[in-house]
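These notes concern the structure reproduced below.
Heads up: numbering here begins at 1 and tracks the sequence.
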Amino acid sequence: MLLKLYIILCGLTLVIAGVVGYYNNLNPIFESAVFGQTWYADNGQNIFHVVLGIFTLLVGAFAGKGLQKILAWIFSALSMGLAIYSLYYDSLLNFFGLEKPGDTLFYLLLGSAGLISLTITIIYDRSEELEELRRKLKV
């Protein structure tokens, strides 16, 4: 349940980031009032965020626990990797611009939340397995 909630919240966050990024590009007053120089998203990033967000929402809503766990591992690892990468470089494959500290914090928060939810899920699953084993052994 925790992984499902994490994946759905990540999907919503990505969709909102993409939509706000579009609005940010269309309305310069909004950009200076809300984000200033801390975060800028070009249209390539906005498309990527919206498409990945919709995919993530669908997987979170309809996929089984195994696929959710795999997606959470991939999503967390990629988010943490992008956060670390954005500390040292300003663009990803000369296609996406990475802003500091906006993108660094954004991806660091998404990746950290994923790793925390995965850790809690793994501990919970192991404790259920242990409890089942205790019931079978009647200890």
Side-chain angles (χ1 to χ4, degrees):
M1 182 65 180
L2 183 62
L3 285 180
K4 183 174 188 165
L5 178 65
Y6 164 71
I7 292 171
I8 289 173
L9 287 176
C10 281
L12 285 173
T13 302
L14 287 169
V15 169
I16 290 169
V19 170
V20 168
Y22 278 122
Y23 189 72
N24 189 20
N25 290 342
L26 296 175
N27 189 351
I29 295 170
F30 181 76
E31 177 183 3
S32 62
V34 176
F35 295 112
Q37 297 297 319
T38 59
W39 193 23
Y40 170 78
D42 58 6
N43 285 333
Q45 272 182 304
N46 295 332
I47 292 170
F48 178 75
H49 285 149
V50 169
V51 169
L52 184 62
I54 291 171
F55 171 76
T56 305
L57 279 171
L58 291 174
V59 168
F62 299 114
K65 188 173 183 177
L67 186 58
Q68 288 176 352
K69 197 178 279 189
I70 291 169
L71 180 67
W73 276 114
I74 292 170
F75 200 73
S76 298
L78 287 176
S79 294
M80 295 301 282
L82 275 171
I84 293 168
Y85 183 85
S86 70
L87 286 172
Y88 300 104
Y89 302 103
D90 292 333
S91 68
L92 180 63
L93 303 172
N94 294 326
F95 186 63
F96 295 128
L98 297 172
E99 298 293 321
K100 298 172 193 163
D103 281 329
T104 305
L105 290 174
F106 179 71
Y107 290 117
L108 184 64
L109 288 173
L110 288 180
S112 298
L115 292 176
I116 290 168
S117 64
L118 279 164
T119 302
I120 292 169
T121 301
I122 289 170
I123 290 170
Y124 180 75
D125 289 348
R126 299 293 178 193
S127 68
E128 280 187 342
E129 290 173 6
L130 184 60
E131 188 60 36
E132 184 179 329
L133 183 61
R134 283 182 184 156
R135 272 186 261 132
K136 284 182 181 178
L137 296 173
K138 295 181 184 180
V139 175

**Prompt:** Taking atom NZ of K4 and atom CG of L2, what is their separation to the nearest 0.5 Å?
**Reply:** 12.5 Å

**Prompt:** Once the angle between the rings of F106 and H49 is folded into 0 to 90°, is it parallel (under 30°), tilted (30 to 60°) or perpendicular (over 60°)?
**Reply:** perpendicular

**Complete:** Heavy-atom closest pair (S76 atom, Y6 atom, distance to 0.1 Å) is OG-OH, 3.6 Å

**Item:** Closest approach of T104 to S86 (non-hydrogen atoms, all atoms of both residues)
**Value:** OG1-OG, 2.7 Å

**Item:** Qualifying residues under salt bridge (charged side-chain N to carboxylate O under 4.0 Å, His left out), relative to K69, sequence neighbours excluded
**Value:** D125

Expected list for residues 109-121: side-chain donor-acceptor pairs under 3.5 angstrom, two or more places apart:
residue, atom, partner, partner atom, Å
S112, OG, L108, O, 2.8
S117, OG, A113, O, 3.2
S117, OG, G114, O, 3.0
T119, OG1, L115, O, 2.7
T121, OG1, S117, O, 2.7

**Asked** Below 4.5 Å, heavy atoms only, C-beta onward: do E131 and R135 meet side chain to side chain?
**Response** yes

**Asked** So if you build clusters from Ile, Leu, Val, Met, Phe, Trp, Tyr with side-chain heavy-atom gaps below 4.5 Å, do V51 and F62 land together?
**Response** yes

**Straight-line distance of L5 CG to Q68 CD, nearest 0.5 Å** = 10.5 Å

**Prompt:** Are V19 and L58 co-members of a hydrophobic cluster defined by side-chain heavy atoms under 4.5 Å apart?
**Reply:** yes

**Message:** Using the side-chain contact (heavy atoms from CB on, under 4.5 Å) criterion, which residues pair with L52? Sequence neighbours excluded.
**Reply:** L14, F48, F55, T56, F75

**same_hphob_cluster(W73, L3) at 4.5 Å side-chain heavy-atom cutoff** = yes

**Prompt:** Quick one: do L12 and L78 end up in the same hydrophobic cluster if we chain Ile, Leu, Val, Met, Phe, Trp and Tyr together by side-chain heavy atoms under 4.5 Å apart?
**Reply:** no

**Asked** Quick one: OG on S127 to CD1 on I122, what's the gap to the nearest 0.5 Å?
**Response** 12.0 Å

**Prompt:** Cluster question for you: counting only ILVMFWY and a side-chain heavy-atom cut-off of under 4.5 Å, with indirect links fine, are I70 and I7 together?
**Reply:** no

